[in-house]
There are 2 protein chains.
Amino acid sequence: MAQIQLERLEGSPFAADPGLLLARANADSIAATNAALASFGLRVRSYAVLAAAASATRPTQRELAEFLRLDPSQVVALVDELERRGLVRREVDPADRRANAIVATADGAALSARANAAIAEARERRLAALAPEELAALTELLARIVNRERSNSQ
Amino acid sequence: MAQIQLERLEGSPFAADPGLLLARANADSIAATNAALASFGLRVRSYAVLAAAASATRPTQRELAEFLRLDPSQVVALVDELERRGLVRREVDPADRRANAIVATADGAALSARANAAIAEARERRLAALAPEELAALTELLARIVNRERSNSQ
DNA sequence: TATTGTTATACTCTATAACTATA
DNA sequence: TATAGTTATAGAGTATAACAATA
């Protein structure tokens with residue numbers, strides 16, 4: 001008795017709040033992605049840094065912080081760990097010796113690729129309810145609201 | 001020199017990862033929503049519980065936990081605080097005296113309505129780049145991936 | 001003077017286990 | 001036996017301030 005009936009809540013108008021939906025979708029995504037990454041010794045945040053390092057864009061730590069919505073001090077800790085494991089390197093920018101470009105080692109690039117495949121497979125299973133073009137539409141809309149003028153931030 | 005150039009990162013293929021986009025969009029949403037809620041003494045999580053309580057769906061704490069992707073013990077703390085402030089009540093279910101229905105008081109319902117208006121206004125400003133039908137499409141897609149069989153979870 | 005990375009610290013959020021009272 | 005709520009605790013994630021090196 002008194003078994004859980006989420007339909008009542010999900011049918012309620014407040015359940016359609018975009019921010020709430022985003023939070024719930026992200027919580028599901030993080031849980032599933034962390035599970036998919038566990039065997040690689042990665043979590044969503046360390047994977048994000050590793051994938052960025054493997055992207056050949058040579059981001060600085062500051063750029064990683066802005067892009068991933070992390071504090072610069074968090075990037076220090078994440079890069080420290082990946083560097084200690086030999087997955088990324090800090091390369092001092094000759095043009096600005098304060099800045100470190102974060103680049104993946106060969107090992108790091110290989111691990112990033114395997115982790116990315118695992119994440120993609122988990123996502124396909126999890127989002128099977130969406131047609132490919134619906135997932136593409138969702139991705140494009142998210143990119144639109146995320147890749148905006150950062151100067152608009154508070 | 002070495003000024004931040006996010007375009008490189010945002011143009012990279014890994015930046016189109018749906019999970020990463022979701023995480024970034026959610027981080028932005030939480031920051032903006034918390035700012036909009038600050039003057040009400042609420043944060044995203046306490047607002048979510050209050051709004052659910054004001055929705056006339058009479059959720060139990062267990063239902064709130066499942067719906068909001070919170071641990072039941074977190075719901076205890078959030079309801080405690082809202083109850084202490086006179087915004088919600090715990091009503092014991094006569095049919096199952098273990099279960100508490102969480103319902104908003106008149107004060108709680110009024111605050112929820114004001115907070116909701118502030119959130120909506122902040123969202124409109126923040127997501128002005130999206131046409132109304134695009135926001136509707138985004139909301140609908142998020143609802144599709146969130147309101148699914150919970151039994152599929154790991 | 002301003003910025004990059006760093007350290008230290010505190011705070012918020014999340015996850016786990018054990019307990020009680022009811023079923 | 002199982003479930004709703006509770007307590008306690010630890011771990012992960014986030015935010016702030018101050019500092020050294022460099023611009």
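Scope of the values below: all heavy atoms of this structure, side chains included, with no hydrogens, waters or symmetry mates. Here is how names work: the chains are called A, B, and so on, in the same order as the sequence lines, proteins then strands, and each is numbered from 1. Computed from a predicted model, the values in this text were never measured in an experiment.
- Computed from coordinates, the B:N100 CG to C:dT22 P distance equals 11 Å when rounded to whole Å.
- For the OP1/OP2 pair of D:dT6 and a distance below 4.0 Å, the side-chain nitrogens and oxygens of B:R90 include at least one atom meeting the criterion.
- Each of A:D71 and A:N34 has a nearest nucleotide on DNA chain D; the 5'-most of these lies closest to A:N34.
- Aromatic rings of B:F14 and A:F67 (six-membered ring for Trp) have centroids within the 6.0 Å cut-off, being under it.
- One atom, CG of A:L70, and another, C1' of D:dT14, lie 9 Å apart when rounded to the nearest Å.
- Within the model, atoms CD of A:E134 and CG of B:L141 stand 6.0 Å from one another, a figure rounded to the nearest 0.5 Å.
- Between A:L50 atom CG and A:L78 atom CG the span is 11.0 Å, to the nearest 0.5 Å.
- Residue B:D93 contributes atom CG, which lies 11 Å from atom C1' of D:dA4 at whole-angstrom precision.
- The existence of a salt bridge linking B:R85 and B:E81 is confirmed by a sub-4.0 Å separation between a basic side-chain nitrogen and an acidic carboxylate oxygen.
- Which of C:dT6, C:dT4, D:dA4 sits closest to the side chain of B:R62 comes down to D:dA4.
- Counting atom types as modelled, B:S73 pairs no side-chain N or O with a base atom of C:dT14 as donor and acceptor under 3.5 Å.
- Between B:L78 atom CG and C:dA15 atom P the separation is 14 Å, expressed in whole Å.
- Salt bridge status for A:R90 with A:D80: present, with a side-chain N to carboxylate O gap under 4.0 Å.
- Proximity of B:R97 to the phosphate of D:dA4: no side-chain N or O atom is located under 4.0 Å from OP1 or OP2.
- One atom, CD of A:Q74, and another, C1' of D:dA15, lie 8 Å apart when rounded to the nearest Å.
- In this entry the distance linking CG of B:L68 with C1' of C:dT12 reads 17 Å, nearest Å.
- When the side-chain nitrogen and oxygen atoms of B:Q61 are compared with OP1 and OP2 of D:dA4, none of them lie within a distance under 4.0 Å.
- Checking the phosphate oxygens (OP1, OP2) of C:dC13, a side-chain nitrogen or oxygen of B:R45 falls inside 4.0 Å.
- Rounded to whole Å, the distance from CG on B:D96 to P on D:dT3 is 12 Å.
- Note on A:R98: every side-chain N or O is 4.0 Å or more away from OP1 and OP2 of C:dT6.
- If you measure from atom CD of B:E91 to atom C1' of D:dA4, you get 17 Å, rounded to the nearest angstrom.
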